[in-house]
Number of protein chains: 2
Amino acid sequence: MGLRERKKLKTRVALIDAALDLFLEQGYESTTIDQIAAAVDVSPRTFFRYFGSKEDVALAPATDAQDVFLSELHDRPGTESPFTALAQAMRGAVALLRDGEPEDKQRFLKARQVVEATPTIFAGQMRLMMANEQRILEEVSRRRGADDLRSQFVTATFTSTIRVGFENCTVEELSDIDGMSRRLEDTFALVDELMVAGWDH
Amino acid sequence: MGLRERKKLKTRVALIDAALDLFLEQGYESTTIDQIAAAVDVSPRTFFRYFGSKEDVALAPATDAQDVFLSELHDRPGTESPFTALAQAMRGAVALLRDGEPEDKQRFLKARQVVEATPTIFAGQMRLMMANEQRILEEVSRRRGADDLRSQFVTATFTSTIRVGFENCTVEELSDIDGMSRRLEDTFALVDELMVAGWDH
DNA sequence: TAGATTATGTCAGTCCATGACAGATGACAA
DNA sequence: TTGTCATCTGTCATGGACTGACATAATCTA
């Protein structure tokens with residue numbers, strides 16, 4: 001990896017970190033692009049060369065996490081049922097985060113706090129999840145061998161499960177990957193309890 | 001109702017109609033507030049006295065529809081199980097739209113087309129649904145007598161069902177309340193098939 | 001090291017959104 | 001009817017998000 005590429009990555013991360021800190025400190029709305037750019041010693045114009053919008057920088061960690069999830073999903077064996085594969089991929093993604101760089105973990109948790117505190121950003125995360133859902137739907141349809149209403153339902157149920165699992169966490173749980181993980185397992189267990197056997201086949 | 005109040009209502013509807021027509025004609029992004037205001041012969045400043053943002057005017061019909069749904073939900077007998085009450089309330093809301101003014105129907109369908117065509121607006125609708133979900137959760141918790149993870153799951157499942165039912169409609173279905181209604185019933189039937197008995201109790 | 005690529009800064013401009021103030025219009029009582 | 005009050009509307013000024021164009025500076029490659 002060349003110097004240019006390394007520099008770009010470094011600037012990107014610096015922008016994300018500066019933005020998240022400012023958002024947490026003084027709120028998303030009252031933080032300006034100029035402030036973020038100034039904190040990283042970059043021109044405001046350059047900010048928009050790294051992120052399409054102010055919202056994007058707040059959602060960058062979530063976007064990256066989704067990519068990790070999709071990669072995990074791709075690696076699941078074809079023998080697993082659709083929902084099992086999705087749940088396992090999510091467990092894998094959480095594990096990667098838990099065992100990864102502490103800085104990445106911190107960044108992810110900070111971003112989650114910003115998302116929870118800012119309705120605009122929360123809506124943006126929904127948009128991300130919806131976009132992701134299209135790709136998940138393809139995987140579910142592939143495994144079920146049918147692109148029908150039921151595949152959509154399985155996919156939507158998974159999205160809901162993740163959402164409920166991550167939502168309404170207390171502050172402690174927000175700053176703790178293990179807390180999130182536990183709540184996720186509770187929700188998966190509930191799905192198992194309330195769905196008829198083979199519902200995702 | 002006085003003259004002043006009637007005038008306000010008229011202006012509001014005129015702004016929505018003008019906005020939706022412009023959005024459909026030339027796209028949401030490339031339509032300016034100035035254009036919308038000019039079409040209704042009102043100053044741009046006045047537009048923002050009726051709607052908090054450009055997004056709000058596109059989501060106005062959806063917001064109104066949600067209010068109708070919540071009103072229907074409030075009228076459901078307390079003997080119904082949570083999910084049954086939610087489904088019945090949705091059927092009631094759709095019926096009200098079907099049997100209502102043709103203009104209201106047209107407006108609603110136009111708004112849906114704009115939502116489908118514009119990612120930003122789609123995200124906004126998600127935000128609306130999430131805000132609504134909080135109130136639905138209260139009703140579910142009340143009927144179940146417990147404010148726990150399961151209530152959240154029932155609520156999230158309902159939201160997903162509605163979303164899947166309305167989503168990915170063909171152009172024909174988009175311009176047809178009955179088509180939407182049929183698809184909704186298919187989705188409700190699927191829930192009934194895939195969930196264990198008494199899952200929402 | 002020279003030349004091609006690519007990143008960055010500066011500048012000008014558009015559009016969304018909001019506060020402040022003044023003029024216009026409907027509501028209401030005498 | 002008329003005068004007063006509350007409310008609606010237009011105008012103006014401002015700030016902040018975003019974008020295109022162009023020049024400069026940094027990296028890359030031969």
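Sequence lines set the chain letters: A, B, ... in the order given, protein chains first and strands last, and positions in each chain run from 1.
Protein atom NZ of Lys10(A) is 15 Å distant from nucleotide atom C1' of dT27(D), rounded to whole Å. Between Gln35(A) atom CD and dG16(D) atom P the separation is 9 Å, expressed in whole Å. With rounding to whole Å, Asp41(A) atom CG is found 17 Å from dA25(D) atom P. A straight line from CD of Glu55(B) to P of dA17(C) spans 9 Å, rounded to a whole angstrom. One interatomic measurement links the two molecules: CZ of Arg12(A) to P of dT6(C), which rounds to 20 Å at whole-angstrom precision. The CZ atom of Arg6(A) sits 14 Å away from the C1' atom of dA26(D) (whole-angstrom rounding). Atom pair Leu9(B):CG and dT7(D):P shows a separation of 18 Å (rounding to whole Å applied). Phe48(B) has its CZ atom 4 Å from the P atom of dA17(C), to the nearest Å.
A sub-4.0 Å separation between OP1 or OP2 of dT8(C) and a side-chain N or O of Thr46(A) is absent. Taking side-chain N and O atoms only, Tyr50(B) has no distance below 4.0 Å to OP1 or OP2 of dC8(D). Under 4.0 angstrom from either OP1 or OP2 of dA7(C) there lies at least one side-chain N or O belonging to Lys8(A).
The nearest heavy atom of DNA chain C to Pro44(B) and to Arg49(A) marks one nucleotide each, and the one closer to the 5' end goes with Arg49(A). Toward the 5′ end of DNA chain D lies the nearest nucleotide of Glu29(A), the other residue of the pair Glu29(A) and Arg45(A) mapping further downstream.
In this pair, Phe158(B) and Phe188(B) present their aromatic rings parallel. The plane angle is below 30°, not in the 30 to 60° band. Using bins of under 30°, 30° to 60° and over 60° for the plane-to-plane angle, the ring pair Phe153(A)/Trp199(A) lands in the perpendicular bin.
Of the candidate nucleotides dC18(D), dC15(C), dT11(D), dC15(C) has the atom lying nearest to any side-chain atom of Thr32(B). Between dC18(D), dG10(D), dG9(C), one nucleotide has an atom nearer to the side chain of Ile33(A) than all others, and that is dC18(D).
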Scan nucleotides 26-29 of chain C against the protein and return all N/O pairs shorter than 3.5 Å with their distances rounded to 0.1 Å.
{"residue": "dG26(C)", "atom": "OP1", "partner": "Lys7(B)", "partner atom": "NZ", "Å": "2.9"}
{"residue": "dG26(C)", "atom": "O3'", "partner": "Arg4(B)", "partner atom": "N", "Å": "3.3"}
{"residue": "dA27(C)", "atom": "OP1", "partner": "Leu3(B)", "partner atom": "N", "Å": "2.8"}
{"residue": "dA27(C)", "atom": "OP1", "partner": "Arg4(B)", "partner atom": "N", "Å": "3.1"}

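The closest donor-acceptor contact from the side chain of Ser141(A) to the backbone of Leu137(A) lies under 3.5 Å. Proximity of a side-chain donor or acceptor of Asp148(B) to a complementary backbone N or O of Ser151(B) within less than 3.5 Å is detected.
One finds a salt bridge joining Arg12(B) and Asp64(B) here, because a Lys/Arg side-chain nitrogen approaches an Asp/Glu carboxylate oxygen to under 4.0 Å. Checked for salt-bridge contact, Glu103(B) and Arg107(B) miss the test: no charged N lies under 4.0 Å from a carboxylate O.
The two residues Arg163(B) and Ala156(A) have their closest heavy-atom pair at NH2-CB, 3.8 Å.
Residue Thr31(A) is classed as a sugar-phosphate contact, given heavy-atom separations below 4.0 Å to backbone atoms only.
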